[in-house]
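Structure record follows, encoded as structure tokens.
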Amino acid sequence: MLESNARELAGELVGRRESINRELSRNGVRFGIYSKGHYEDRLFPYDPIPRIIESAEYDNLERGLKQRVKALNACLRDIYSDKRIIKDGVIPEEYVYTSVGYYPQVNGVTPPGGVFAHIAGEDLVQGEDGQWWVLEDNLRIPSGASYPLFVRDIERRIYPTLFRDVHIRDNRAYPRLLRKSMDFVSTEGIAVLLTPGSQNSAFFEHAYLAEKTGATLAFPEDLEVVQNRVYFVDYAGKRQRVGVIYRRLADEYLDPFSFNPDSVIGVPGLLAAYSAGNVAIMNAPGNGVVDDKAMYYFVPDMIRYYLHEEPILQNAPTYMPMFEKDRKIVLDRLGELVIKDVAEAGGYGVVFGSSLNAKERDDMVDRIREDPRRFIAQEVIQFKDIDIVNPKTGERMPRKADLRAFVISGQHTHVWYSGLTRYSSFKGEMIVNSSQGGGFKDTWILSPEHSEELDEKTQRDAVNLVGNYSKHAATLVTAAKADNLYWLGRYTERVFTTIGQFFPFYDLVMDTQVDAFKPFAKALDLSEEFDDFDSFIHSFLYDPDNANSVRSAMQAAFNNAVVLRPELGSNLVQYIEMSVNTIAGAAHGGLKSENIYRQRDITDYMLALWGGVEDSALAPVLKAFLFIGKYLERVDLYTRFRLPETDLQAPLSKLATYGSMLNGMPLPQCFASGARQLLKQLPERGYEQLSQRITEFLNGFEGRVLDIDSGKPRVMNSMNMDFRLE
């Protein structure tokens, strides 16, 4: 009864899919994919029809998932210590020692709290007969929890009464569970979420989970190891001890001293600090040894061996070509099975035997015979089809889908009451991975039929997910993030003021003064030689290849803002997202007057962003960094446009006010460089008398201007014009 009611009411979301997708777009819910060597950051396709799982059915899944992850954790502890499971002949030693995920560097290392797999992503499929099968265990850096977490929040806001009428288990506890696991294993110090960078395919998730858990989002260059302890280094060079690292980069890149020496995104010495018990790493290095596709074959035996229980959840029927008996089955039935390369991930290296022609089948036979350890073969499970909505026609159509369930381990093991349901792009396609172009939908776990949805405590926890963590994390700012804040201030101001100054010139041109745009172009160091005014408009507003265009400035603001999501919060970052989308949409609309007029929406977004920052609980030093950049840019632009000195008094006063908010703290080098560059230009523009105000601003930091190591990579630099960093 509950399920049928839920399905009926869930259909109401279909009519709201445009609103939900608009919210996903304005909040930058993205997933990056690499295709032919090119990285593309795109919105993650969302389908509004949720997957609905009955309460009793999920209770069984929950028991099976807890059992499975407990056994996997026990196996990791054993493999990197006594190796009893190998000595007792349950798992042949060659499967352990030849696994690409096995790292002898962590032999004998017991992680803080004794937990290896803190976050497990368990991939399941439901057969047409309703039976659930486990396809993979992901214990290294499983991604995807942020997407159903985020979209459920949007669904609640778009259709709030739906969740009053449908009793669904609340999914808002994920950040709290993750933070509890962090705190349980932490040694001494702050919690850090370590990301390899903003072009990682799951960077949205990295920043969003840092925001929600209150962990500090850190790049590898923000961390250093001193005497086997890990420290987060802020922009002034002060060190903050790190107690736990939720890492989102692969083992081989984690520490160039211990793993891949060519890694430029690792933290040198990190493994030594971890081995000494001075920092926890989530998930533990070396976990890949048991989520190897070949080791998957032995998970049921692990459950029996460590827990003395029969597996609740079943593996897909699997064959190991390393075993002669299984190899014969695989070679005889190759056309009926799915072959998986154990070294691949993300849907790569998966071949359906039925899709191979005679030559391809012969080649696959040769490869299996030559290197049987590299492959496993599985029976093809006919996934249960799930309806999606065709985004063009609105019609419902069937697609194959899997479910990634998330299991969080700390003091206790919890299965999150949600999951990432991924569906394939094409009818009949059975590879559903996000990296293969698939989309996602929400997963609704129904509550027991005669229970209250949430008790008072759970409701309180669901609303207050972060507790007191975020305030502490928000005051930690690195040199790179100081740079980001500075350039975010400059670029947003550049967009705001140049658009504001553009329209009076545009009106004059429309009034037949065809050369009226030339003073405007000259002020911004743009070429004054265009074939016609339309060419100038296109180049100035929309050309992504022109570093001085408004579109380029908006994109640069976005590049700086996305790494600041934990500090600014998604509610403020969305104004940058909306601005990027607005100008991109206007560019596609051509040079019609209504498209040009849409630029005024962008200036409104900038005002909303600045007002939101000023009104937020953001630490004063972070506000100061952004607004110092903003008002330096305003002085620069106002003097370029030769505005009267009276118009410059307000931004100069604001500059002094925000400088005083640093309250004795040092000034990053990029700020001083921008002010000094402006000092050189003011006399040339006829504002020599204003130089004293800028000089006073700099003198307020006498002896407290930091030099940034020029050898470290910069996240962004300035737009062209005539501005250069010293």
Side-chain angles (χ1 to χ4, degrees), residues 234-236 474-500 553-554 556-561 563-569 571-573 575-576 579 602-639 643 647-679 690 693-694 696-701 704-706 715-716 718-719 723:
D234 73 9
Y235 85 98
T475 62
L476 301 173
V477 58
T478 60
K481 286 203 171 180
D483 219 36
N484 293 136
L485 287 158
Y486 171 75
W487 285 111
L488 178 60
R490 291 206 71 146
Y491 282 122
T492 52
E493 176 61 36
R494 190 165 297 178
V495 168
F496 180 84
T497 294
T498 52
I499 288 176
M554 201 63 255
F558 169 81
N559 292 341
N560 284 284
V563 300
L564 296 167
R565 186 182 294 271
E567 288 81 14
L568 299 177
N571 287 339
L572 292 179
V573 173
Y575 293 117
I576 304 293
S579 298
I602 296 175
T603 59
D604 289 345
Y605 295 146
M606 296 301 96
L607 289 171
L609 170 71
W610 296 331
V613 170
E614 189 61 84
D615 194 47
S616 73
L618 197 64
V621 64
L622 302 186
K623 292 181 182 179
F625 284 163
L626 187 150
F627 286 110
I628 288 172
K630 165 181 160 56
Y631 287 111
L632 278 174
E633 184 68 22
R634 180 166 289 188
V635 172
D636 184 14
L637 290 171
Y638 277 19
T639 56
L643 298 186
D647 289 356
L648 285 150
Q649 297 309 309
L652 286 167
S653 296
K654 290 283 189 180
L655 194 59
T657 298
Y658 284 105
S660 67
M661 286 174 62
L662 294 181
N663 194 26
M665 298 178 68
L667 187 71
Q669 187 267 346
C670 60
F671 294 68
S673 180
R676 289 168 185 154
Q677 185 71 19
L678 194 55
L679 270 177
L690 295 181
R693 299 285 294 275
I694 302 296
E696 290 172 0
F697 170 78
L698 284 172
N699 287 344
F701 298 95
R704 290 186 290 111
V705 174
L706 299 171
V715 177
M716 283 304 305
S718 68
M719 276 174 58
F723 188 92

Provide the closest heavy-atom pair for [X] versus [Y] in the form atom of the first, atom of the second, distance.
| X | Y | answer |
| --- | --- | --- |
| Leu648 | Leu643 | CD1-O, 4.3 Å |
| Ala553 | Val495 | CB-CG2, 3.7 Å |
| Val613 | Ser616 | O-OG, 2.8 Å |
| Ala561 | Ile576 | CB-CG1, 3.9 Å |
| Ala624 | Met661 | CB-CB, 4.1 Å |
| Tyr491 | Ala557 | CB-CB, 3.8 Å |

*Mind running side-chain contact (heavy atoms from CB on, under 4.5 Å) on Gln649 and Arg693 for me, showing each step along the way?*
CA-CA 10 Å; Gln649 297 309 309; Arg693 299 285 294 275; 2.8 Å; yes
Measuring from [X]:[atom1] to [Y]:[atom2], what's the distance to the nearest 0.5 Å?
| X | Y | atom1 | atom2 | result |
| --- | --- | --- | --- | --- |
| Arg565 | Asn571 | CZ | CG | 10.0 Å |
| Asp604 | Tyr575 | CG | OH | 11.0 Å |
| Asn559 | Asn484 | CG | CG | 9.5 Å |
| Leu488 | Leu568 | CG | CG | 6.5 Å |

So, the side chain of [X] versus the backbone of [Y]: is there a donor-acceptor pair under 3.5 Å, distance only?
| X | Y | result |
| --- | --- | --- |
| Ser673 | Gln669 | no |
| Tyr235 | Pro666 | yes |
| Ser660 | Thr657 | yes |

*Should Ile694 and Leu655 be marked as a side-chain contact (heavy atoms from CB on, under 4.5 Å) after you check the CA-CA gap, both sets of side-chain angles, and the distance that decides it?*
CA-CA 9 Å; Ile694 302 296; Leu655 194 59; 4.0 Å; yes
*Where do Leu618 and Glu567 land on the side-chain contact (heavy atoms from CB on, under 4.5 Å) test, with the steps shown first?*
CA-CA 7 Å; Leu618 197 64; Glu567 288 81 14; 4.1 Å; yes
*asked:* Quick one, Leu698 and Leu679 - any side-chain contact, counting heavy atoms below 4.5 Å?
replied: yes
*Looking at side-chain heavy atoms only, is the closest gap between Phe627 and Glu614 below 4.5 Å?*
yes
*Should we count NZ of Lys623 as having more than 12 external heavy atoms under 6.0 Å?*
yes
*Passes side-chain contact (heavy atoms from CB on, under 4.5 Å), Arg490 versus Asp636? Steps please.*
CA-CA 10 Å; Arg490 291 206 71 146; Asp636 184 14; 3.5 Å; yes
*Stepwise salt bridge (charged side-chain N to carboxylate O under 4.0 Å, His left out) test for Asp234 and Lys481*: CA-CA 9 Å; Asp234 73 9; Lys481 286 203 171 180; over 6 Å; no
_Member of Phe701, Phe625, Tyr631, Phe697 meeting the ring-ring contact (aromatic ring centres under 6.0 Å, His included) criterion with Phe671_ = Phe625
*Contacts of type side-chain hydrogen bond (donor to acceptor under 3.5 Å, both in side chains), residue Thr492, not counting sequence neighbours*: Trp610
